[in-house]
A.B. asks: 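Mind having a look at this structure? Questions to follow.
In this text the structure is predicted, and so the values were computed from the model without any measurement. The chains referred to below are lettered A, B, ... by the order of the sequence lines, with proteins before strands, and numbering in each begins at 1.
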Protein chains: 2
Amino acid sequence: MERVARRAKAVSLADGEPLFQQGDKATRFYLVVKGHMKLFRLAPDGNEKVIELVDAGHTFAEALMFLEQPRFPVGAVALGDTELISVDAGDFAAILRDSVDLCLALLGDMSFRLRSLIREIDDLSLHSATCRVAAFILARAPEHRDDFELDIPKHVIASRTSVKPETFSRIIKSLKSKNILEIRGSKVRLLDRQALEDAADVCGLPVEAT
Amino acid sequence: MERVARRAKAVSLADGEPLFQQGDKATRFYLVVKGHMKLFRLAPDGNEKVIELVDAGHTFAEALMFLEQPRFPVGAVALGDTELISVDAGDFAAILRDSVDLCLALLGDMSFRLRSLIREIDDLSLHSATCRVAAFILARAPEHRDDFELDIPKHVIASRTSVKPETFSRIIKSLKSKNILEIRGSKVRLLDRQALEDAADVCGLPVEAT
DNA sequence: TATATCAATTGACATGAGTCAAAGCGCTTT
DNA sequence: AAAGCGCTTTGACTCATGTCAATTGATATA
């Protein structure tokens, strides 16, 4: 464990700075200390889809080290100034050999991610854009406060929820017009949390309005 | 290892018979010996999306046993008469404690699945229906033979590729009209593998025809 | 041979979300 | 304060896919 710590490196990235690209060889994984990382896939036509937004305190790319010839299936860039700790996969794998408990913990973590991805697929194929956006905002909202900040640019949220920025804007407008929430700049205020929750899972069927 | 084998159970399912439902408690996992299993998510409106088709020789649901309170995130029914081996998660977990190698193997397996799911999300959000269908057929085609059978009903393939049966039918029709493939009943013949591969990744942009 | 059943196909039509293009707004820079 | 530059919003229009409904086909049951 000390070996890992000793050989771990700190990395600082400025806003928008890339850490690695889709297809690069993966020999290290990362822990976000401060800021956010954006993990995304690129389509041949240049379109991009944000797969995950990793906040401080979370790791990413550690699942790759068990593959034959590990390559990043996504690209990664910093959102805002970001600090990371980078760990060598080989060092870490050596530790895993000595600790079944750590293995199990990792297994648990990966199970969790697997389930999240299944939910995402469910969302994409079974739910409307409005629904996904509503669910995303809800997931970002603090438990017991209706005012909070979206510390992430809207076009990134749009990509994360798989809608175009224009569509995202229209969905927000529609939620506003139903007095479900308010958004000014990056400040969000939930006016009717319940209605938002309904929109998030009833979904398809647009809520009756006016 | 013998303990697991001794306590494993054989299960036989008739075509269409369910093994478990989405939300059921997960205490066992499964290996398909013969036939196929369909894993799917249900939307509140009754719509279903096939998440995975598990063929003989593969396991499923083993990733769940590492979660706190494991519940199946999908439902499972047999496609065609199917035989399974059912293993108790607790028994298996006990073995894992004794074998780091087995842990690592599982980790590898889960990494692989994680990557597949990311590909799926990529497909859903960045590629057209035609593209997904083309890719699916290609993935099912044997390496060096252009004639083969789809041993799975078309509406299931449709759901797997996230299109409606009607749309699936139209996509096939269009591929036929371009002399890329032929489908009669469950028999497929690839006429132009290259063109199909192109359709699978160029994707969005429909191939110029006649 | 009829008949019920379920899957697959086809046509006509509806619609959610994307595209394109033009403002508008909020920054920082000069 | 003016100018410049991204991001966001708006409007008008298009298009891929879904929906609904009817028909055909294929297989099993009587």
Side-chain angles (χ1 to χ4, degrees), chain A residues 14-16 38 43 45-50 77 79-80 123-134 149-177 182-188 199 202-207 209, chain B residues 14-16 38 43 45-50 77 79-81 123-134 149-177 182-188 199 202-207:
Chain A
D15 182 39
K38 175 178 85 172
D45 65 2
N47 242 313
E48 88 171 35
K49 150 75 182 165
V50 173
V77 311
L79 285 184
D123 261 8
L124 284 172
S125 39
L126 262 17
H127 299 316
S128 71
T130 302
C131 180
R132 294 196 299 273
V133 169
E149 297 246 345
L150 289 177
D151 42 3
I152 285 168
K154 293 182 186 173
H155 69 273
V156 175
I157 298 181
S159 170
R160 175 67 246 274
T161 52
S162 289
V163 298
K164 296 288 152 178
E166 296 93 326
T167 304
F168 179 79
S169 181
R170 285 172 184 128
I171 289 172
I172 294 300
K173 191 182 179 185
S174 146
L175 292 175
K176 271 181 188 166
S177 79
E182 262 175 14
I183 296 190
R184 286 198 6 189
S186 68
K187 280 153 179 50
V188 182
V202 174
C203 206
L205 341 164
V207 186
Chain B
D15 181 39
K38 176 179 84 173
D45 64 2
N47 243 313
E48 87 170 36
K49 152 73 180 166
V50 173
V77 310
L79 285 183
D81 297 345
D123 261 6
L124 284 172
S125 42
L126 261 17
H127 299 318
S128 71
T130 301
C131 178
R132 293 195 300 273
V133 169
E149 298 246 345
L150 288 178
D151 42 3
I152 284 169
K154 293 181 187 172
H155 69 273
V156 175
I157 298 181
S159 171
R160 174 68 245 274
T161 52
S162 289
V163 298
K164 295 289 153 181
E166 295 93 325
T167 304
F168 179 79
S169 182
R170 286 175 183 124
I171 289 172
I172 294 300
K173 192 180 177 185
S174 145
L175 292 174
K176 272 180 187 166
S177 80
E182 263 175 16
I183 296 191
R184 286 201 2 191
S186 68
K187 280 154 179 52
V188 183
V202 174
C203 205
L205 341 164
V207 184

A.B. asks: Ion pair present between E48(B) and K38(B), side-chain N to carboxylate O less than 4.0 angstrom?
C.D. replies: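 K38(B) and E48(B): salt-bridged.
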A.B. asks: Tell me: NE2 of H127(B) to C1' of dA17(C), nearest whole Å?
C.D. replies: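 Value for this atom pair: 19 Å.
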A.B. asks: Go through the steps to decide whether S162(A) and K49(A) satisfy the test side chain to side chain donor-acceptor pair (under 3.5 Å), and finish with yes or no.
C.D. replies: CA-CA 7 Å; S162(A) 289; K49(A) 150 75 182 165; 2.9 Å; yes
A.B. asks: Determine, for E182(A) against K176(A), whether the closest basic-nitrogen to carboxylate-oxygen distance falls under 4.0 angstrom.
C.D. replies: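 Salt bridge flag = no for K176(A) with E182(A).
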A.B. asks: Let me know the distance between NZ of K49(A) and P of dA17(C), rounded to the nearest Å.
C.D. replies: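 In whole Å, dA17(C) P lies 14 Å from K49(A) NZ.
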A.B. asks: R184(B) has an atom CZ; how far is it from atom P of dT24(D), in whole Å?
C.D. replies: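 Value for this atom pair: 19 Å.
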A.B. asks: Quick one: K154(B) NZ to dT27(D) P, roughly how many Å, whole number?
C.D. replies: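 Atom NZ in K154(B) sits about 11 Å away from atom P in dT27(D).
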A.B. asks: Would a distance-only check, ignoring hydrogens and angles, find a side-chain to backbone donor-acceptor pair under 3.5 Å from D81(B) to D15(B)?
C.D. replies: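 Indeed, once roles are kept as given, a pair shorter than 3.5 Å links the two residues.
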A.B. asks: dT8(D) P sits how many Å from H155(A) NE2, rounded?
C.D. replies: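 After rounding, the reported distance stands at 6 Å.
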A.B. asks: Please report, rounded to the nearest Å, how far the P atom of dG25(D) is from the CD1 atom of I183(B).
C.D. replies: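 For the pair I183(B) CD1 and dG25(D) P, the rounded distance is 18 Å.
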A.B. asks: Roughly, in whole Å, what's the span from CG in D15(B) to P in dA28(D)?
C.D. replies: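 Computing the D15(B):CG to dA28(D):P distance gives 11 Å.
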A.B. asks: So if I take residues 158-171 of chain B and measure heavy-atom distances to DNA chain C, which residues fall below 4.0 Å?
C.D. replies: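 E166(B), S169(B), R170(B), in order of number.
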A.B. asks: Taking the side chain from T167(B) and the backbone from V163(B), do they hold a donor-acceptor pair closer than 3.5 Å?
C.D. replies: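 Looks like no, no N/O pair under 3.5 Å.
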A.B. asks: Ignoring hydrogens and angles, tell me if any N or O in the side chain of T161(B) forms a donor-acceptor pair with the backbone of V133(B) under 3.5 Å.
C.D. replies: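 No, because the side chain of T161(B) does not come within donor-acceptor range (under 3.5 Å) of the backbone of V133(B).
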A.B. asks: In whole angstrom, what separates I152(B)'s CD1 from dA7(C)'s P?
C.D. replies: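 It works out to 15 Å between those atoms.
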